[in-house]
Amino acid sequence: MWLTLHSPLAVCQGRQLDLRVESSTKSVASEKPAPIRGPENFMQHLSDQEIQRRHKLEELEKLGVEAYPSELFDVTFYAKEILDNYHPELNNFQEVSMAGRLMSQRVMGKASFAELMDTSGRIQLYVNRDEICPGEDKTLYNNVFKKLLDLGDFIGVKGHVFVTQMGETTVHVTELKLLAKALRPLPVVKEKMDEATGQKVTYDAFTDPEQRYRQRYVDLAVNPQVRDTFVKRTQLVQSMRNFLNDKGYLEVETPILQPLYGGAAARPFKTHHNTLDMTLYLRIANELYLKRLIVGGFDGVYEFSKDFRNEGMSRFHNPEFTQMELYVAYKDYNWMMDLVEEMVERVAMTLHGHTEIQVGANVINFQRPWQRLTMFEAIEKYTGKAIGDMDEAALRATAHELHVKLDPSMGKAKIIDEIFGEHVEPRLIQPTFITDYPVEMSPLAKKHRDRPGLVERFEAICNGKEICNAFSELNDPIDQRQRFEEQLELGKRGDTEAMVLDEDFLRALEYGMPPTAGLGIGIDRLSMIMTNSNSIQDVLFFPQMKPEKLD
RNA sequence: GAUUCUGUAGCUCAGCUGGUAGAGCAGUACACUUUUAAUGUACGGGUCCUGGGUUCGAAUCCCAGCGGGAUCACCA
């Protein structure tokens, strides 16, 4: 059957518009759904289930049941509270009012079982015809509940809690109200306890990654573990925020639209301000602004910062991502390592109650202290090569021996980085601080106090991936200017990610910045580890996707 | 960007060597007052991603395109 439908807007707002269902199938092949009225001239093919639900909407209206009532529905308890705390001998929860989606319905004549899902979880409902319809009129049960409600509809119920013969804590419903009708069917995911293994078996899970990411609302509605991941992400952020606030640091906000992008090596998104007629960039980092605040006299500032990088996407990269950057005056990178350990250990405890976390096939233990290795020590440990004193030619030969691919444009620092990335990083599963990087790769870090050619920088590596990056911040304005100049040279040679010179930032440094330790920690990557997620898309509500074709 | 896999009913998937589509759940109808993947009986539901091509005939083979996944490259 072809269904012809006016625009969704028209359907929602004016149910008096009839839904025409043409019963003559295929008899007139050329007959197409009539064009839809409305601003977009939008057409839509509806499935039979969607048509049925729209008809039910009309039926409800005829019965005087509002499908989308305005007034509030008073919720007094959540499912989880009841399941955790109900005791038959206490006879508690004898007056409850709950709301949520109807997720399953098992009608057995004059009585039914159903499942209600609220924000805390699912609970079973028992609906008895003669109790929700005490009088002669059994419409509410026979028509509304049994026929006109669908899985996915929001309902409110009042009743009392009891335990069924099967031992299931259940709400015995005495009042039932439709709160919002769902016009599209939700995927139905079913679970069963496997007697043999004691494991929950899931049937017909909603698993297609494309649909899960594009329609996250469905994913969340139907896959409870997805919700849990995002709750953990929020707890992670809150735990870090509490930790930093307890230390007296100030949470701040700095510009997302920046006239110059800086603080990292990356290609930016570019936009335009009409009134000022100027180019602006979405920030790739907020480092240079936070340092200006240190110049201004704040001793500790931090920001959870959405940053934007116009680069490739992968399971570790999304064009917009979140970092927490922290700058603390009068400290150095050794001090910052202690802080990172303490903070991340605290996060693990907050989320899991212990420091050992299953990530893929590995168990990662965040308990302090973490291993600390200089970059040269790490390379020696994993390759047997002591490269600390090598010149470029020797490094090149060593890289060759180690089967690390190089190209001629690479300098010393890049070669070292390649060796590290190839042979060391993937093997660092337990949290490890790698310290003391070559100066060429770190234009904003302070020169090492006693090792020429290196800077006071560390990264924490975990599960084979960088999770943070920190320095003793460069506060010598002359040195900083030189480093920027070197970046400009790289830029001229075609490095699209070289930093640009920020004259105002240099001016700030010239007024004097105290010695400062700085940190950037990747919230998405840390969330991936803390929630055992394999892809960044699993810790972002709405990961970037190519536009969907809606025709 | 490269390689590779993939796109069939609302969801999860079958559909061999080409003969215009099947299952389970979901839906509809009937029965059933403590079930739980409820059950029983019956019924409906598909632009087989899109566009070309080969063929008497394409979900199936070929080409191109558009989505998506994985791996690699890029990304300190």
Side-chain angles (χ1 to χ4, degrees), chain A residues 1-3 25-26 29 32 45-53 55-56 103-115 122 124-131 141 146-147 150-152 162-168 170 172 182-194 200-214 218 222 264-267 284 309-317 319 321 375 405 413-414 416-418 420-421 425 434 437-438 440-445 455 457 459 466 469 495-499 520 534-535 537 545-549 551:
Chain A
M1 279 191 291
W2 281 112
L3 171 102
T25 36
K26 294 175 192 165
K32 291 206 172 124
H45 290 272
L46 298 181
S47 67
D48 60 333
Q49 296 198 44
E50 290 173 291
I51 297 165
Q52 280 163 358
R53 286 179 183 227
H55 283 312
K56 289 178 181 183
M103 293 305 276
S104 83
Q105 241 181 330
R106 294 183 289 276
V107 177
M108 275 153 296
K110 299 180 186 67
S112 298
F113 288 92
E115 269 183 292
R122 292 189 182 207
Q124 180 168 268
L125 306 178
Y126 174 73
V127 182
N128 184 303
R129 186 193 70 183
D130 296 329
E131 293 185 61
Y141 183 79
K146 274 169 69 174
K147 304 206 167 167
D150 286 299
L151 302 190
F162 76 112
V163 176
T164 64
Q165 288 173 8
M166 304 302 287
E168 179 97 9
T170 301
H172 191 132
L183 292 182
R184 287 176 187 258
L186 225 41
V188 177
V189 182
K190 294 202 169 184
E191 284 182 340
K192 185 194 180 185
M193 267 306 188
D194 190 316
K200 255 190 195 170
V201 190
T202 303
Y203 296 83
D204 300 333
F206 180 64
T207 51
D208 178 3
E210 178 174 4
Q211 296 203 68
R212 287 188 46 224
Y213 300 145
R214 285 198 196 281
V218 175
V222 138
R267 277 143 64 196
I284 58 173
R309 297 189 183 173
N310 205 341
E311 289 171 346
M313 291 164 63
S314 76
R315 73 189 182 93
F316 291 104
H317 299 87
F321 65 103
M375 181 164 255
K405 276 181 236 152
K414 190 69 187 159
I416 293 169
D417 189 47
E418 287 293 321
F420 181 81
E425 195 174 37
I434 300 298
Y437 286 65
E440 296 89 332
M441 299 161 59
S442 315
L444 301 168
V455 289
R457 168 178 175 182
E459 290 188 0
E466 170 197 349
N469 184 19
D495 183 345
T496 50
E497 294 177 348
M499 290 188 193
N534 195 43
S535 164
Q537 296 175 110
M545 304 279 279
K546 285 197 187 176
E548 189 178 10
K549 247 192 352 192
D551 47 11

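All heavy atoms count here, side chains included; hydrogens, waters and symmetry mates do not. Per chain, numbering begins at 1; letters A, B, ... match sequence-line order.
Both distances falling under 3.5 Å, in either a Watson-Crick or a G-U wobble arrangement, occur for no nucleotide opposite rC75(B). With a 3.5 Å ceiling on both atom-pair distances, the Watson-Crick or G-U wobble partner of rA64(B) is rU50(B). Figure legend. rU3(B) is base-paired to rA70(B); pairs are counted as Watson-Crick or G-U wobble with both atom distances under 3.5 Å. With a cut-off of 3.5 Å on both Watson-Crick or G-U wobble distances, the partner of rU28(B) is given as rA42(B). Using N1 to N3 plus N6-O4 or O6-N4 for Watson-Crick, or N1-O2 and O6-N3 for G-U wobble, each under 3.5 Å, rA59(B) pairs with nothing.
With sequence neighbours excluded, the residues forming a side chain to side chain donor-acceptor pair (under 3.5 Å) with Glu115(A) are Ser104(A), listed by chain and number. Gln49(A) pairs by the side-chain contact (heavy atoms from CB on, under 4.5 Å) definition with Ser47(A), Gln52(A), Pro185(A), not counting sequence neighbours. Asp48(A) is linked by a salt bridge (charged side-chain N to carboxylate O under 4.0 Å, His left out) to nothing, counting only residues two or more places apart in sequence or in another chain. Looking at residues two or more places apart in sequence or on another chain, you find no salt bridge (charged side-chain N to carboxylate O under 4.0 Å, His left out) involving Glu440(A).
The C1' atoms of rU4(B) and rG52(B) are separated by 25 Å, rounded to the nearest whole Å. Rounded to the nearest Å, the gap between the P atom of rG44(B) and that of rU35(B) is 33 Å. The same atom, C1', is picked in rA38(B) and in rU50(B); the two are 43 Å apart, to the nearest Å. Rounded to whole Å, the separation between the P atoms of rA73(B) and rG53(B) comes to 41 Å. Across rG51(B) and rA14(B), the matching P atoms stand 24 Å from one another, rounded to whole Å. When the P atom is compared between rG22(B) and rA64(B), the two are found 32 Å apart, to the nearest whole Å. Remark: the separation of the C1' atoms in rC16(B) and rC56(B) is 23 Å, to the nearest Å. Comparing the same atom, P, in rA26(B) and in rU41(B) gives a spacing of 14 Å after rounding to whole Å.
In terms of modelled atom types and a separation under 3.5 Å, the side chain of Tyr213(A) and the main chain of Asp208(A) share no donor-acceptor contact. Checking side-chain atoms of Arg309(A) against main-chain N and O of Ile284(A) turns up a donor-acceptor pair under 3.5 Å. Looking at Arg53(A), its side chain does come within 3.5 Å of a backbone N or O of Ala182(A) through a donor-acceptor pair.
The separation between Glu50(A) atom CD and rG44(B) atom C1' is 16 Å, rounded to whole Å.
Under the 4.5 Å side-chain criterion, counting only non-hydrogen atoms from C-beta, Thr164(A) is in contact with Gln124(A).
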> Going 5' to 3' along nucleotides 27-39 of chain B, which nucleotides have protein heavy atoms under 4.0 Å from the base (write B), which only from the sugar-phosphate (write S), and which from neither (write -)?
Replying inline: SSSS-BBBBBBB-
>> Output one letter per nucleotide in nucleotides 68-76 of chain B: B when a protein non-hydrogen atom lies under 4.0 Å from the base, S when only the sugar-phosphate is that close, - when neither is.
In response: SS-S---BB
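Distance check, rounded to the nearest 0.5 Å: CZ of Arg212(A) to CD of Gln537(A) gives 9.5 Å.
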